[in-house]
Amino acid sequence: MNQNELKKALAKLPLGKVRYFDSIGSTNNEALAWATTGANDLSLVIADEQTAGRGRLDRKWFTPKGAALALSLILRPTAEEKPHLTRLTGLAALAITDALRTYGLISQIKWPNDILLNGRKVAGILVESVWSGEDVDCLVIGIGVNVLKGAVPSADLLLFPATSLEESLGPEVEREKVLRDILAGMIALRPHLGSDSFMSAWEKALAFRGELVQVEQGDGSLLTGKLLGLESDGSLKLSNDAGKSITVRFGDVRLRPGVSRP
Ligand code: BT5
């Protein structure tokens, strides 16, 4: 990554300190370690390449050199934010969809943490916390974005089809600018984390709303239902065949097989 371009792009943002790595295992690991040794609010870890990038459930996240964004933003939540920390994945997801809209791209959030462009995954989010006794001390918001085509892993490594911004925008798309726009979006949305308007914007950006979906839960079991929206903590709301409402806290959503879209 071009260090001068990076500095220029980030210059106007009210960030804490920034740590940049040409190559690292995982920016989230670095940020979690930094958070425990006193990183300021809005400190940022960014890397050109990750050799051990992580998704949820210890899945792998691929960040080959020179083609993607891999960043971890450290938040020290305020007392007002603490009741709403389960909304932080939504904060990152909305900041990404907002940023992409400024490039003329309409993306959607595949609950809970994937960003889809043309029905394919272009970005993933991993929020992790550092506890101090019973209290959350710090949050790390990890974001990976496939900016250039070279970031997209081969299909055999994927659970879901993937794409890059380059496929929609051409090779001129600049990683530093996308980074700036996503960070600026998170900073701008943060004061609204507890608001109803935040929840409705998040809900509006969800993929598959009103459609029949399957949610694969952590234990491999499948729930099927119509995707209604979100609970106030960001859990997913479905309704089953009998019209009974179901709340899902963890899982991976996909369109139910056999359901074709208009
Ligand atoms: C995620 O997990 O999507 C969260 C990804 C978070 C990555 C960021 S990068 C910066 C920070 N540092 C880290 O170490 N992590 C964060 P999940 O929903 O569990 O999806 C993981 C799955 O996505 C994998 O099992 C693959 O199928 C797929 N995948 C891996 N790399 C991908 C890529 N570059 N593009 C699209 N899909 C990918």
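No hydrogens, no waters, no symmetry mates; every other heavy atom, side chains included, goes into these values. Just follow the structure's listing: the first ligand is 1, and inside any ligand the first atom is 1.
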Per-atom contacts, ligand 1 versus [X] - under 4.0 Å to a heavy atom:
X    : answer
G55  : 1 (C), 2 (O), 4 (C), 19 (O)
G53  : 14 (O)
A151 : 34 (N)
D114 : 3 (O), 18 (O)
I143 : 8 (C), 9 (S), 10 (C)

* Taking S43 for its side chain and K17 for its backbone only, find out whether a donor-acceptor pair lies under 3.5 Å. => yes
* Look only at the side chain of R76 and the backbone of A35, and say whether a donor-acceptor pair between them is shorter than 3.5 Å. => yes
Residues [X], [Y]: salt bridge by 4.0 Å N-O rule:
X    : Y    : value
D181 : R101 : no
R19  : E30  : yes
R190 : D41  : yes
E81  : R87  : no
R254 : E216 : yes

* Asked: Is the closest heavy atom of T63 to ligand 1 under 4.0 Å?
  -> no
* Asked: Would L157 count as a contact of ligand 1 if the rule is a heavy atom under 4.0 Å away?
  -> yes
Taking 4.0 Å as the limit for heavy-atom contacts, which would you say applies to [X] with ligand 1: side chain only, backbone only, both, or neither?
X    : result
V122 : neither
L71  : backbone
N29  : neither
P153 : side chain
T27  : both

* Asked: Would you say D252 and ligand 1 have an N/O pair spaced under 3.5 Å apart?
  -> no
* To do: Using distance alone, determine whether A162 and ligand 1 share an N or O pair under 3.5 Å.
  => no
Considering only non-hydrogen protein atoms, determine which one is nearest to [atom] and report residue, atom name and distance to 0.1 Å.
atom                    : result
atom 20 (O) of ligand 1 : K121 NZ, 3.0 Å
atom 30 (C) of ligand 1 : K60 O, 3.2 Å
atom 35 (N) of ligand 1 : N146 ND2, 2.8 Å
atom 5 (C) of ligand 1  : W61 CE3, 3.5 Å
atom 27 (O) of ligand 1 : L159 N, 2.9 Å
atom 28 (C) of ligand 1 : L158 CD2, 3.7 Å
atom 31 (N) of ligand 1 : F62 N, 3.0 Å
atom 17 (P) of ligand 1 : R59 NH1, 3.5 Å

* Quick one: are S235 and T247 in side-chain contact, heavy atoms under 4.5 Å? -> yes
* Close side-chain approach of L15 to I187, heavy-atom, < 4.5 Å -> yes
* Structure fact -> Min over T163, I125, V45, V152 of heavy-atom distance to atom 4 (C) of ligand 1 lands on I125
* Counting heavy atoms only, which of E128, Q50, R54, R56 comes nearest to atom 12 (N) of ligand 1? -> Q50
* With a cut-off of 6.0 Å (strictly less than), are more than 12 heavy atoms of other residues, nucleotides or ligands near CG of D219? -> yes
* Heavy atoms of other groups near K65 NZ, more than 12 under 6.0 Å -> yes
* Asked: Among the clusters formed by ILVMFWY side chains lying less than 4.5 Å apart, do L169 and V122 turn up in the same one?
  -> yes
* Asked: Do L71 and L126 sit in the same hydrophobic cluster, where Ile, Leu, Val, Met, Phe, Trp and Tyr count as joined when their side-chain heavy atoms come under 4.5 Å apart?
  -> no
* Asked: Applying the side-chain contact (heavy atoms from CB on, under 4.5 Å) test to K121, which of N146, I115, L116, T163 qualifies?
  -> L116
